[in-house]
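Lettering follows sequence order; numbering is per chain, from 1.
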Number of protein chains: 2
Amino acid sequence: MTITIKDIAHKAGISTASVSRILTNRGRFSEDTAQRVRELANELGYFKNQSAADLSQKASRVIGVLVPITHTNFADEIIKGMQHKAYELGYELLIAFVETNSQQQTETVKSLLSRQLLAVVMLALDIEDAVFDILKSANVTLLSVSNQLNNDIPSISSDNYAMMHTIVDYLYDHGHRQIALIGSSDADPIVAILRRQGYIDALASHDITYNPDFIWGVEMTYQTGIEAIKKFGLPLPFTAVIGSADIISIGLLNGARDAGISVPNDLSIVTVDGTELTQLTRPVLTAAQQNFTKMGELAISNLANNSLSSHSVIFTDITFIPGGTVTTIA
Amino acid sequence: MTITIKDIAHKAGISTASVSRILTNRGRFSEDTAQRVRELANELGYFKNQSAADLSQKASRVIGVLVPITHTNFADEIIKGMQHKAYELGYELLIAFVETNSQQQTETVKSLLSRQLLAVVMLALDIEDAVFDILKSANVTLLSVSNQLNNDIPSISSDNYAMMHTIVDYLYDHGHRQIALIGSSDADPIVAILRRQGYIDALASHDITYNPDFIWGVEMTYQTGIEAIKKFGLPLPFTAVIGSADIISIGLLNGARDAGISVPNDLSIVTVDGTELTQLTRPVLTAAQQNFTKMGELAISNLANNSLSSHSVIFTDITFIPGGTVTTIA
DNA sequence: AATAATTGCGTAAACGTTTACTCAAAATAT
DNA sequence: ATATTTTGAGTAAACGTTTACGCAATTATT
């Protein structure tokens, strides 16, 4: 009992082709009939059957988005940016949350791909090989946002290497010489490698040889921050620490507090990300803020005008937020 | 150049009907041919065209989910629960983030509806009339999760009325008589009404006449918490306060801190929601924790077996987390 | 007024899958 | 050995939309 263009065509005494042309605003038709058809559509409560449309036109305006279900508090901001631009340009977003569980991940991706997609955007996702193979075999445009991947996949992210220079320089200017980096010790995600290298090179540019012990922690979790403080013990061997994600930095802050370390008097903290979370602590976190919304917008607009070559790397700007967790030392 | 079942049928020397039966595991076929077909499908890199399938079978296994884009930190948990159950039962989730902007909201909902959906689930969403009309005219099953709506729409949520009793009783048992409620003052969302009434009735059951001034704040934001403390000024006219969302409670906590009020010594706080956010503060927040994951699971399983009558109200359990923001007073 | 260009709309095929009917062959029952 | 049931698979229509093509009617050009 659903209303189709056939019903509209019948009532209007014209062909389905005309109705289709009018409703999609393509091809030729008179404004008179158009008026009538649009009214009828409204009156009858017509809803386009997008499946039929997708089937008919081989191309689609649907962009699939893979979001890690592990709580990343910035995914929302990226999605917001994408949604905004997608709406503006007439695209549709099909968002799928994926577990870390590989089995379910492949299922989800397969079902995503069974809609014909314009592209698949991966948010802050370190993709598993199995999943990557599926995506590749489906021959769909891929784009990684807020993360850089090795596999020739175009990406939109912050310049993680340069960002660490900004942070280290800032701390150096405030007198800090012993600086730790928490949450980017692992070899795997490219972002970690870039940040680590940026950190090391920035220190070197100030004639400081980095201390390998000062790079610690793999997971981007609250617990990593908490444990980092415990691990180094009192007195802390450094005067400043960089948390590689807001949630880590909050862990560092609370860990310090629990250990009787005063921030920023006894320990300075700079966080990477700069989401709203940084406003919830006391003192408010000093942050290198990533422009997540912008990333989302760029993702859609670049996909829209098809301007991504397989190796494109697009950087968005970083804003340094002074906050209250860095102090100047002698 | 996409692979269809026609290609597979041709290579296997059988009809598309057989291929379809095998791939969907419906109807009759021999295990021999099935084997061959499945291998071919793999080999050729076949992906089902879900649009064609949807068009052919009028029913679908897609459930639309409307999520408010304003950062609610518990939406993730509900989605996680839904995703989990949906995967288990073979359903697909189509998630759409909606802005508060009504114009875009209707667009988004319309495009959601143009896929044939089994149902639309609204997360913590106070739906606009215009949008509700569209949904109603589309004649699709509706379900509200974590929120109760007036319009005959089935819902899955906590028992917000009873929850306030639990909280008030707890505070009363710890000696508190002057208790404020922040963030549920407005008339609009049913949840606010229920919480307010629960709060008033719970106080009454202890022979306390509630003070209308103690119910304050509409928006579920950090700023509401911050401003609440400012509004009441020092000394605070109450010894305990209930924050109607974690983010409000963190505002209350920081607002108190900024005003030199010690929590819990000078002010006790109980928060509603109990997401991970409560772990990030010092002290850790005392919370009436809602079971969001369960809500999500119930949403899907109830839709799956079609057991929702238009007035069903399903409650999930509440867990009281003692935390560290309530103290006993004389 | 004759010719050319444009406009509005209909016809019919196509998109890829599913499924109600058939029907012959194979298996089982009598 | 015949009758009955079961099995495997093919035929063809259907789902709702889009679009290439064609043609008559209208409008513009000379």
J.: Identify whether the distance between the nearest side-chain nitrogen and carboxylate oxygen of B:Glu31 and B:Arg38 falls below 4.0 Å.
T.: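 Answer for the salt bridge query: yes.
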J.: Would A:Gln290 and A:Ser146 count as having a side-chain donor-acceptor pair, cut-off 3.5 Å?
T.: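 On atom types as modelled, these side chains do not qualify, holding no pair under 3.5 Å.
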J.: With rounding to the nearest 0.5 Å, note down the distance linking CD1 in A:Ile156 to CD in A:Glu297.
T.: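 These two atoms lie 10.5 Å from each other.
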J.: Could you grab the distance from atom CG of A:Asn291 to atom CZ of A:Phe315, nearest 0.5 Å is fine?
T.: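 Interatomic distance, A:Asn291 CG to A:Phe315 CZ, rounded to 0.5 Å: 14.5 Å.
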J.: Are the side chain of A:Thr33 and the backbone N or O of A:Ser30 linked by a donor-acceptor pair below 3.5 Å?
T.: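 Confirmed, A:Thr33 side chain pairs with A:Ser30 backbone.
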J.: Roughly how bent is the helix from C:dA1-D:dT30 to C:dT30-D:dA1 end to end, in steps of 10 degrees, with each end axis from five pairs?
T.: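 The helix from C:dA1-D:dT30 to C:dT30-D:dA1 shows an end-to-end axis angle of 20°.
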J.: Distance check, rounded to the nearest 0.5 Å: A:Leu135 atom CG versus A:Thr141 atom OG1?
T.: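 The distance works out to 11.0 Å.
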J.: Check each residue of residues 38-57 of chain A for a non-hydrogen atom within less than 4.0 Å of any atom in DNA chain C, then write out the ones that pass by number, or none.
T.: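 Listed by number, they are A:Leu55, A:Ser56.
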J.: Can you name the residues that form a side chain to side chain donor-acceptor pair (under 3.5 Å) with B:Asn302, not counting sequence neighbours?
T.: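 Partners of B:Asn302 under the side chain to side chain donor-acceptor pair (under 3.5 Å) test: B:Ser307.
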J.: With a 4.0 Å heavy-atom cut-off, tell me which residues in residues 12-33 of chain A come close to DNA chain C, sorted by residue number.
T.: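 Only A:Gly13, A:Ile14, A:Ser15, A:Ala17, A:Ser18, A:Arg21, A:Arg28, A:Phe29, A:Ser30, A:Thr33 qualify.
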J.: Determine yes or no for a side-chain-to-main-chain donor-acceptor pair under 3.5 angstrom, with A:Arg36 supplying the side chain and A:Ala12 the backbone.
T.: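 Such a contact is found between A:Arg36 side chain and A:Ala12 backbone.
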J.: Charged N to carboxylate O below 4.0 Å: is that the case for B:Asp54 and A:Arg115?
T.: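 Judged by the 4.0 Å cut-off on N to carboxylate O distance, B:Asp54 and A:Arg115 do form a salt bridge.
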J.: I'd like to know if the side chain of A:Thr4 and the backbone of A:Lys6 have a donor-acceptor N/O pair within less than 3.5 Å.
T.: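 Here the side-chain-to-backbone pair exists.
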J.: First and last nucleotide of DNA chain C touching chain A, 5' to 3', heavy-atom cut-off 4.0 Å?
T.: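 Going 5' to 3' along DNA chain C, contacts run C:dT7 to C:dG16.
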J.: Just so I know, are the side chains of A:Met122 and A:Leu143 near enough to count as touching, which here means a heavy-atom distance under 4.5 Å?
T.: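 Of all side-chain heavy-atom pairs linking A:Leu143 with A:Met122, none is under 4.5 Å.
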J.: Please output the side-chain donor-acceptor pairs of residues 82-98 of chain A that fall under 3.5 Å, not counting sequence neighbours, one pair per line with the distance.
T.:
unit_1	atom_1	unit_2	atom_2	d
A:Gln83	NE2	B:Phe97	O	2.5
A:Tyr87	OH	B:Gln103	NE2	3.4

